[in-house]
Amino acid sequence: MRHVHILLTALTLLVTTMTLPGCAGTKSPNPLADASATTPSAKKKPEDAVIGRLDDPSYLFGSRPLAPKKSVRVKALAYTGCSVKSKRNTRGAWGDALTGNVKAVAVSPDLLEMGLDRGDAISIEGLPGQYKVLDVMHGRHDKTIDIFYGDDQCGARQWGKRTLNITWQ
């Protein structure tokens, strides 16, 4: 379905550029048309804005610029789900199940105020891949993350406590 939509949009763009004088992003061959477009008396119509969007490939194909990445230096700790004496899976603050194959982190409340939210993907300096924010730490922690290590107590101890950068969108 998406391919059909893209094909129809591209076809509409092609027909529009062939029927309008000039080409998208170039000067019109009619000098009077250029002069009338730059005069202050020429009012823009809402339809003109829509046609302008059809000439922009980044609008058509969804490659709009992303929001700038945010970065902050934090203390990084590690935790496991082994301390719970229950047969149920460990759960995050929002009720998400934390199993051994989930790349999850807990964040301090001040990082939530900086713009992080449940389910946001973050990059952790020195670790491959993206980690999801699925848990919240106690309010006594500031600028701190806690990386979930599943049942790997040895790995969590080896991680220890480090200071590093995290980034997110």
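Note: hydrogens, waters and symmetry copies are ignored here, and every other heavy atom, side chains too, is used. Worth saying up front: this structure is predicted, and the values here are computed from it rather than measured.
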Seminar exercise, completed: Rounding to 0.5 Å, atoms NZ (K69) and CD1 (I166) come to a distance of 12.5 Å

Exercise. Hey, what do you get for CG (D117) to CG (L112), rounding to the nearest 0.5 Å?
Worked result: 7.0 Å

Do [X] and [Y] share a hydrophobic cluster, counting only Ile, Leu, Val, Met, Phe, Trp and Tyr and linking them when any side-chain heavy atoms are less than 4.5 Å apart?
X: V102; Y: W168; answer: no
X: V74; Y: L127; answer: yes
X: V136; Y: I124; answer: yes
X: L116; Y: L134; answer: no
X: M137; Y: V107; answer: no

Would you say that [X] contacts [Y] through its side chain, given a criterion of any heavy-atom pair below 4.5 Å between the two side chains?
X: I145; Y: V133; answer: no
X: V105; Y: D146; answer: no
X: M114; Y: V72; answer: yes
X: I122; Y: Q130; answer: no
X: Q158; Y: Q153; answer: no
X: K103; Y: I147; answer: no

For this session: Report the C-alpha distance between D96 and K132 in whole Å, list the side-chain angles of each, state the deciding distance to 0.1 Å, and finish with yes or no for salt bridge (charged side-chain N to carboxylate O under 4.0 Å, His left out).
Result: CA-CA 11 Å; D96 299 298; K132 279 191 170 185; over 6 Å; no

Problem set entry | Atom of G139, atom of P109 and distance for their closest heavy-atom approach | CA-CG, 3.8 Å

Exercise. What are the two closest heavy atoms between S71 and N165, and how far apart are they?
Worked result: OG-CB, 4.2 Å

For this session: Determine which pairs satisfy ring pair (Phe, Tyr, Trp, His ring centres under 6.0 Å) with at least one residue from residues 133-161, sequence neighbours left out, and list them in order.
Result: Y79-F148

For this session: Go through E125 and R73 one step at a time and tell me if the side-chain contact (heavy atoms from CB on, under 4.5 Å) criterion holds.
Result: CA-CA 10 Å; E125 179 183 16; R73 192 146 185 89; 4.1 Å; yes

For this session: Show the numbers, then the answer: is there a side-chain contact (heavy atoms from CB on, under 4.5 Å) between T144 and L77?
Result: CA-CA 8 Å; T144 308; L77 309 170; 3.9 Å; yes

Problem set entry | Residue pair Q169, K70: steps toward the side-chain contact (heavy atoms from CB on, under 4.5 Å) verdict | CA-CA 6 Å; Q169 300 255 216; K70 297 176 188 173; over 6 Å; no

Problem set entry | Residues that D110 engages under side chain to side chain contact (heavy atoms under 4.5 Å, CB included), provided they are two or more places apart | S108, D142, K143

